[in-house]
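Numbers restart at 1 for each chain; the letters A, B, ... are given by sequence-line order, proteins then strands. The model shown is predicted, which means the values in this text are computed figures rather than measured ones.
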Amino acid sequence: MIIEEEFAVDAALAHVWQCIRDPGFVAPCVPGCQDVEDIGDGAYRAAVKVGIGPIKTTFNLDIEVLEETPPTFARVETRGQEGTNASRLTAKSELTLTASGNDATHVHYKSDVQVVGRLAKFGLGIMKKKAKALGAEFAENFRNAAEA
Amino acid sequence: MINITLKVNGEERALSLPATRTLLAALRNDMKLTGSKNACNQGVCGACTVLLDGVPVNACLVLAANVAGREIVTIEGLGEGGKLSPMQQAFVDAGAIQCGFCMSGMIVSATAFLAENPKPSRKEIRQALSGNLCRCSGYVRVIDAVELAAGRSGA
Amino acid sequence: MEFHQPTTLDDALTLLAADPEALPLAGGATLVAMLNAELIEPSALVSLGGICELHTIEATPEGGLRLGAMLSHATLASEARLTGGNAVMRQAAAQIAHPAVRNIGTLGGAVAHGDPSSDLPAALVAADAVIEVAGPSGRRSIAAEGFFEDYLTTALEEGEMVAAVILPPQPESAVGHYEKFARVHGDYATLSVAVVLAMASGKCSHVRIALGAAGATPVRVVAAEARLIGSSLDAGAISEAAALLTAASDPVDDVRGSADYRLMLVPRLLTRALAAAGGAP
């Protein structure tokens with residue numbers, strides 16, 4: 001499924017880029033993100049807890065920045081699985097930042113997310129809504145933190 | 001493990017099973033009553049339909065431990081003395097059986113339905129069996145069979 | 001996994017309070033399906049089947065009905081006291097899945113699961129039902145409209161469960177109707193419209209409408225109802241009410257229909273539902 005979102009941040013492009021490339025800054029903005037580890041060469045490990053009602057899980061994610069053009073573009077691949085390998089997730093994402101004036105930045109991201117395994121039985125319709133809601137929550141958290 | 005007894009096809013059965021074991025798994029694996037079929041395990045296909053205290057239920061959606069002491073009738077318990085039940089016989093006579101996988105669920109559902117509604121219309125039969133899927137898509141003769149059984153019992 | 005079979009509500013609540021990973025087991029129609037699909041892994045199940053008070057139906061002093069949480073959909077579907085406006089509940093229950101599932105699934109289970117594409121939530125909102133919740137700190141009542149919060153998420157707090165649903169007395173001449181559109185008999189709704197309508201001298205005197213499968217929760221729009229009240233339910237009024245409901249809807253895209261398709265169903269099903277509830281010109 002394709003998840004595409006955009007949001008505006010009242011901060012200069014260079015600052016927003018700096019924030020978005022700092023795992024210590026981004027992790028607290030990601031809903032359910034439990035911890036993040038920088039393993040070097042643009043690669044990170046993170047654990048993210050997600051749930052819909054009684055269905056709850058934690059994904060262990062490997063995140064790799066495959067390509068970047070500071071301060072405007074990054075291509076990121078995320079692979080992950082639940083502790084038990086019962087579901088696997090892959091996401092290919094592109095992040096684009098555009099300056100809109102001196103003190104405002106437009107953030108756009110597009111992810112192609114694939115989930116296989118037990119959670120895929122759950123139905124893509126609700127999963128997509130949930131992903132969108134988490135994306136909106138991330139945008140809100142990130143905006144507040146970057147503008148602070 | 002949980003110790004329970006179930007009355008299955010008129011016989012008391014003592015079982016020791018984990019809490020997550022469904023009635024379907026208990027029937028098939030613990031009691032070797034394999035007439036009830038396991039297909040979707042989600043309550044969608046109806047192949048596991050059995051009677052619980054006389055009403056049809058999807059055995060895959062019932063935990064065995066949760067129906068301790070209650071009365072179950074499976075496809076194996078419909079006939080008497082080695083003879084097919086009237087509904088089973090009607091399915092045979094109407095040529096309603098193709099691969100046969102959905103048949104035990106169909107026949108159990110139809111048996112319960114006819115007990116409640118002895119003179120159904122074809123539409124009512126279709127609705128009553130809407131929870132029993134046949135992937136051979138041989139529905140027409142299934143409905144013929146239920147009509148045949150209804151006609152015979154009324155005669 | 002532990003398995004408990006308490007015989008009183010207090011014992012059930014104590015067991016649930018003692019273990020945050022325990023789940024109450026009502027009929028199991030959804031919970032056991034989720035267990036089979038390995039979507040949930042509760043540490044314990046607290047079966048509610050042996051708790052007598054959850055199986056009762058009684059008239060309330062106000063003239064409504066109090067429905068115990070463990071009543072099966074099959075019982076509701078044949079409950080003769082669900083008449084007038086409250087017939088919307090009987091009709092919705094009668095259209096849940098198939099006979100075998102209706103014999104298993106329960107009112108409380110469906111309410112607690114909070115699936116917006118299931119049939120009872122919209123009917124409960126249209127009927128202005130109140131959900132009676134029991135928990136470690138006693139009982140509380142929550143209007144159905146505020147009870148459903150998100151996909152599979154309700155106002156139930158940790159350790160709480162649904163004890164009963166209270167249907168209010170509906171206006172004298174009210175008629176309830178549940179209009180469900182599904183791909184095949186017994187499927188989840190692609191879209192549904194639950195309505196409680198009363199007409200007086202050819203004009204709408206009372207109406208409550210809730211859409212199922214139209215968003216994360218049942219969709220109700222007070223302004224849409226206000227547009228209908230006092231009207232003769234002419235095509236113009238219905239079309240404006242439908243536009244308000246459509247604007248408030250945010251359905252999912254899935255195998256049962258695209259979001260756009262579901263939105264297109266809103267005016268059509270609303271028209272049918274109002275006509276079936278006696279508002280036909």
Under 3.5 Å donor-acceptor, [X] side chain and [Y] backbone:
X	Y	value
B:N132	B:G105	yes
C:H55	C:G49	yes
C:S192	C:A189	no
B:E116	B:F113	no
C:S78	C:A74	yes

Report, in residue-number order, which members of [range] are under 4.5 Å from chain C by heavy-atom distance.
range	value
residues 36-43 of chain B	B:N41, B:Q42, B:G43
residues 71-101 of chain B	none
residues 20-34 of chain B	B:T20, B:T22

Select, from C:V184, C:L45, C:V101, the one with the greatest count of heavy-atom pairs under 4.5 Å involving chain B.
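Looking at each option in turn, the highest pair count goes to C:V101.
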What residue in C:A97, C:A29, C:G27 has the most heavy-atom pairs under 4.5 Å with chain B?
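Looking at each option in turn, the highest pair count goes to C:A29.
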We want to know whether C:T30 and C:H113 form a side-chain donor-acceptor pair, criterion being a heavy-atom distance below 3.5 angstrom.
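No pair is found: no donor N or O on one side chain lies under 3.5 Å from an acceptor on the other.
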Using side chain to side chain donor-acceptor pair (under 3.5 Å), reason through C:D11 and C:T14 one step at a time and then give a plain yes or no.
CA-CA 5 Å; C:D11 287 350; C:T14 304; 5.1 Å; no
Identify the residue among C:Q95, C:Q91, C:K180 that makes a side chain to side chain donor-acceptor pair (under 3.5 Å) with C:D119.
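By the side chain to side chain donor-acceptor pair (under 3.5 Å) criterion, C:D119 pairs with just one of C:Q95, C:Q91, C:K180: C:K180.
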With heavy-atom distances below 4.5 Å as the criterion, would you say the side chains of B:R70 and B:K7 are in contact?
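With C-beta onward as the side chain, the pair stays apart.
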Going by heavy atoms in the side chains, are C:I51 and C:M70 under 4.5 Å from each other?
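No, side chains not in contact.
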Part of B:A128 lying under 4.5 Å from any heavy atom of chain C
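The answer is the backbone of B:A128.
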For C:D115 and C:S117: C-alpha separation, side-chain torsions, deciding distance, then whether side chain to side chain donor-acceptor pair (under 3.5 Å) applies.
CA-CA 5 Å; C:D115 181 347; C:S117 62; 2.9 Å; yes
If you look at every heavy atom in C:A69 and C:T106, which pair is closest and at what distance?
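Smallest heavy-atom distance, with atoms named: O-CB, 3.6 Å.
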For chain C, which candidate among B:P56, B:P18, B:A19, B:C60 shows the most heavy-atom pairs at distances under 4.5 Å?
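The residue among B:P56, B:P18, B:A19, B:C60 with the greatest pair count is B:P56.
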Region of C:L25 that comes under 4.5 Å of a non-hydrogen atom in chain B
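Just its side chain gets close to chain B.
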May I ask you to decide whether C:E79 forms a salt bridge with C:R90, counting only side-chain N to carboxylate O separations under 4.0 Å?
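Looking at C:E79 and C:R90, the cut-off is not met.
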Let's go through C:T190 and C:Y261 carefully: what are the C-alpha distance in whole Å and the side-chain angles of both, what is the deciding distance for side chain to side chain donor-acceptor pair (under 3.5 Å) to 0.1 Å, and is it a yes or a no?
CA-CA 9 Å; C:T190 304; C:Y261 179 69; over 6 Å; no
Show every salt bridge (Lys or Arg N to Asp or Glu O under 4.0 Å) that has at least one partner inside residues 27-44 of chain C, sequence neighbours left out.
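Every pair satisfying salt bridge (Lys or Arg N to Asp or Glu O under 4.0 Å) with a residue in residues 27-44 of chain C: there are none.
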